[in-house]
Amino acid sequence: MYRRAVVFCGLLFHLLCTVQSFGQQLPDSDSSFYAASLRQLYQVYFHQIGPNAALFNGTEYIRNGQKATGFPFFESNDPVRGTVSYNGLLYPDARLQYDLVLDELITSNYQHDALIKLSKEKVDSFSIGEHHFMRLDARNTNGSFTNTGYYEQLTFNEFPVFAKRVKKLIVPNGYEDSKYIQYNTFYLRLRGGFYPVDKKNSLLDLLGDKRDLLKKFIRAHKLNFRKKPEEAIVRTTGYYARLNP
């Protein structure tokens, strides 16, 4: 019986991989049917393999118990339904939390009574709500940056923008509570490299062939790189992509 169950799970795992590969070739009109079929297959898969699924093979995550204002996670202090590509297999409807202090992706175990850290080397990408993150390896980025980790992809044109989001626990000297502060660094992928674009001039220097047009666009739309850098960078690079079809 055990051997037959193992064989069945192996065949089902192969079917999941095949369906996922096929789904990538479907037109948008068939995407809803594909998504529903994939969820059904996962329900059967998890029912059969249970806690032995690869997604649950992580180490226990223990949260910092220090009293502080805010939380270490991205967007929400509570688990959020998301999708993760883990060890080559896509897991929809996963319960995810992204710890920005430790740069760790967290999920609950099969019984939902403990939290586990997913192996970074096995995470290809994940989505939380409308936010899509990729694991970028510094060894494969032409030396543009040195920090391997999770980066949010903000745009999906020929000149994609990525954000590295980090939180730090700030401990004051006085009687105030400690608090989590988030910091964001932005990168533009251009000519095979990743370049920091936290300031207007650094972005315009990279996109110098359209510098004058970009400056007019920035002025016309009153983009503020100091107060709203993410919006300014995304909109400016989006305009640059339209100028370079």
Side-chain angles (χ1 to χ4, degrees), residues 5-61 63 71-100 102-137 148-157 160-165:
V6 171
V7 171
F8 174 77
C9 289
L11 290 173
L12 187 57
F13 180 85
H14 177 72
L15 179 60
L16 278 169
C17 296
T18 302
V19 170
Q20 287 185 2
S21 177
F22 176 71
Q24 295 173 359
Q25 307 171 23
L26 289 176
D28 292 340
S29 58
D30 294 328
S31 59
S32 297
F33 174 77
Y34 161 71
S37 300
L38 189 60
R39 281 194 295 270
Q40 277 192 318
L41 277 176
Y42 270 107
Q43 288 175 0
V44 176
Y45 173 68
F46 280 124
H47 176 73
Q48 291 293 329
I49 202 168
N52 295 314
L55 184 66
F56 304 125
N57 293 334
T59 57
E60 185 177 6
Y61 171 80
R63 181 172 174 175
F71 45 85
F73 306 109
F74 174 73
E75 290 272 293
S76 173
N77 193 37
D78 300 314
V80 178
R81 291 288 180 182
T83 300
V84 56
S85 176
Y86 191 68
N87 204 24
L89 187 61
L90 186 67
Y91 292 86
D93 297 326
R95 294 162 58 91
L96 300 177
Q97 290 176 285
Y98 175 25
D99 187 324
L100 295 179
L102 301 176
D103 198 36
E104 296 280 4
L105 184 60
I106 314 300
T107 191
S108 57
N109 65 356
Y110 182 72
Q111 294 82 8
H112 300 306
D113 58 6
L115 297 175
I116 55 176
K117 296 184 292 186
L118 295 179
S119 172
K120 293 181 179 180
E121 291 73 21
K122 295 181 180 179
V123 176
D124 302 310
S125 62
F126 64 93
S127 295
I128 296 178
E130 300 297 321
H131 302 272
H132 181 72
F133 293 84
M134 298 178 61
R135 183 177 181 274
L136 298 180
D137 192 326
T148 295
Y150 300 125
Y151 291 74
E152 182 179 0
Q153 185 169 353
L154 301 178
T155 62
F156 295 84
N157 52 44
V161 175
F162 293 83
K164 180 58 183 172
R165 308 200 186 277

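All values reported here derive from a predicted model rather than from experimental measurement.
- The shortest distance between side-chain heavy atoms of Leu118 and Tyr86 falls below 4.5 Å.
- Side-chain contact between Val161 and Thr155 is present, with heavy atoms from C-beta onward closer than 4.5 Å.
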Let me check something: any side-chain donor-acceptor pairs from residues 126-134 under 3.5 Å, sequence neighbours excluded? List them with distances.
residue : atom : partner : partner atom : Å
Ser127  : OG   : His132  : ND1          : 3.0
His131  : ND1  : Glu152  : OE2          : 2.6

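- Qualifying side chain to side chain contact (heavy atoms under 4.5 Å, CB included) partners for Asp124, counting only residues two or more places apart in sequence or in other chains: Ser85.
- Scanning for salt bridge (charged side-chain N to carboxylate O under 4.0 Å, His left out) contacts around Lys120 gives Glu104, with sequence neighbours left out.
- Residues passing the salt bridge (charged side-chain N to carboxylate O under 4.0 Å, His left out) test with Asp103, sequence neighbours excluded: Lys164.
- In plain terms, the two heavy atoms of Ile106 and Lys117 that are nearest each other are CD1-CG, 3.6 Å.
- The side-chain hydrogen bond (donor to acceptor under 3.5 Å, both in side chains) check on Ser119 picks up Glu121, with sequence neighbours excluded.
- The shortest heavy-atom contact between Pro79 and Gln97 is CA-CG, 3.5 Å.
- Remark: Tyr150 pairs with no residue by the side-chain hydrogen bond (donor to acceptor under 3.5 Å, both in side chains) rule, at least two apart or across chains.
- A search for side-chain hydrogen bond (donor to acceptor under 3.5 Å, both in side chains) contacts involving Arg81 returns nothing, not counting sequence neighbours.
- Shown here are the side-chain hydrogen bond (donor to acceptor under 3.5 Å, both in side chains) partners of Asp78, two or more places apart in sequence or in another chain: there are none.
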